[in-house]
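The structure under discussion appears below in the form of structure tokens.
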Amino acid sequence: MEAPAQEQGQSLLRITGPSQDQEPRRQPKTPAQKAVRKTFKLTAHLANLLPTGTVLAFQVVSPVLTHQGKCPTSLNHTLTLALLALCAASCFFLSFTDSIRDERGKVRHGIATFKGLLVLDASVRLSPEEADRYRIRLLDLLHGVMSVLVFAAIALFDPNVVRCFYPSPSEEARRLLMAVPIGVGVACSLVFLAFPTKRHGIGFPLTRC
């Protein structure tokens with residue numbers, strides 16, 4: 001009676017043994033899947049750098065300040081210029097914002113400085129190695145300038161702003177107003193894709209490590 005029991009135990013080991021030893025293998029990605037993943041990754045970097053929030057606020061406020069592009073008084077011109085300057089400064093400033101997780105896993109926001117990251121919403125101390133990772137670099141300055149140029153290109157496409165400061169442009173000026181913003185936007189987008197940022201600005205998700 002013992003032999004059948006031993007045979008059953010050995011057969012059970014033969015069935016379960018290999019499945020425990022084998023580890024799940026990752027299937028290699030096809031070239032198409034790698035290309036799609038790279039495209040999505042570059043698109044995410046581009047969305048992180050383009051001044052989407054600032055542009056949305058500008059498009060909401062500009063019709064009011066320009067009085068639908070008419071700008072009947074000098075006050076409208078002054079307020080529109082102030083709006084353009086404020087939005088451009090916002091695009092430049094947001095390029096230096098970043099996010100980290102504290103020891104409890106909560107997301108904290110800060111501003112990059114030449115010495116590290118200045119956390120605004122908590123008292124988080126970074127080690128010298130971590131502080132060096134978040135300090136301002138030349139790439140941040142480049143991204144800030146490119147963001148301002150992208151916003152300027154979008155502002156030149158805004159009919160309210162164009163009519164406010166240039167109500168009756170010539171045919172050559174119209175062509176320039178159409179060609180220059182497109183060229184600036186394409187060039188800046190290519191720079192963003194070629195030199196992506198590793199920062200997680202305010203309003204963008206921070207992945208868990």
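If you read the sequence from its start, that first residue is 1, and numbering goes on from there.
- Nearest heavy-atom pair across Lys115 and Arg135 is C-CB, 4.3 Å.
- A donor-acceptor pair under 3.5 Å links the side-chain atoms of Ser95 to the main chain of Cys91, judged by distance alone.
- Nearest heavy atoms, Gln59 versus Ile154: NE2-CG2, 4.4 Å.
- Atom-to-atom distance recorded for Tyr134:OH and Leu118:CG is 14.0 Å, nearest 0.5 angstrom.
- The structure places CD of Gln68 at 8.5 Å from OG of Ser62, a figure rounded to the nearest 0.5 Å.
- With values rounded to the nearest 0.5 angstrom, Arg163 atom CZ is found 7.5 Å from Thr66 atom OG1.
- Cluster annotation: Leu156 is not connected to Phe151 through the hydrophobic network of ILVMFWY side chains, with a link wherever side-chain heavy atoms come within less than 4.5 Å.
- Looking only at distances, a side-chain donor or acceptor of Asp140 sits under 3.5 Å from a matching main-chain atom of Arg137.
- Across Pro72 and Asn76, no two heavy atoms sit closer than the pair CD-OD1, 3.3 Å.
- Looking at every heavy atom in both residues, Phe195 comes nearest to Leu139 through CB-CD1, 3.6 Å.
- Taken from CD1 in Ile136 to OG1 in Thr113, the straight-line distance is 6.0 Å, to the nearest 0.5 Å.
- Hydrophobic clustering of Ile, Leu, Val, Met, Phe, Trp and Tyr side chains at less than 4.5 Å, counting indirect connections, keeps Val184 apart from Tyr166.
- Val64 and Phe58 fall into different hydrophobic clusters, defined by Ile, Leu, Val, Met, Phe, Trp and Tyr side-chain heavy atoms under 4.5 Å apart, directly or through other members.
- The distance from the CZ atom of Phe165 to the CG atom of Asn160 is 11.0 Å, given to the nearest 0.5 Å.
- Closest non-hydrogen pair, Pro181 versus Ala153, comes out as CB-O, 3.4 Å.
- For the atom pair Ser168 OG and Arg174 CZ, the distance stands at 8.5 Å (nearest 0.5 Å).
- The shortest distance between side-chain heavy atoms of Val145 and Val148 does not fall below 4.5 Å.
- Exactly one residue among Leu81, Leu79, Thr78, Leu84 makes a side chain to side chain contact (heavy atoms under 4.5 Å, CB included) with Leu65. That residue is Leu79.
- Tracing side-chain contacts under 4.5 Å through hydrophobic residues (I, L, V, M, F, W, Y), one never reaches Leu86 starting from Leu75; they form parts of separate clusters.
- Transitive grouping of hydrophobic side chains (ILVMFWY, heavy atoms separated by less than 4.5 Å) brings Leu149 and Phe96 into a common cluster.
- Between His77 and Cys164, the closest heavy-atom pair is NE2-O, 3.2 Å.
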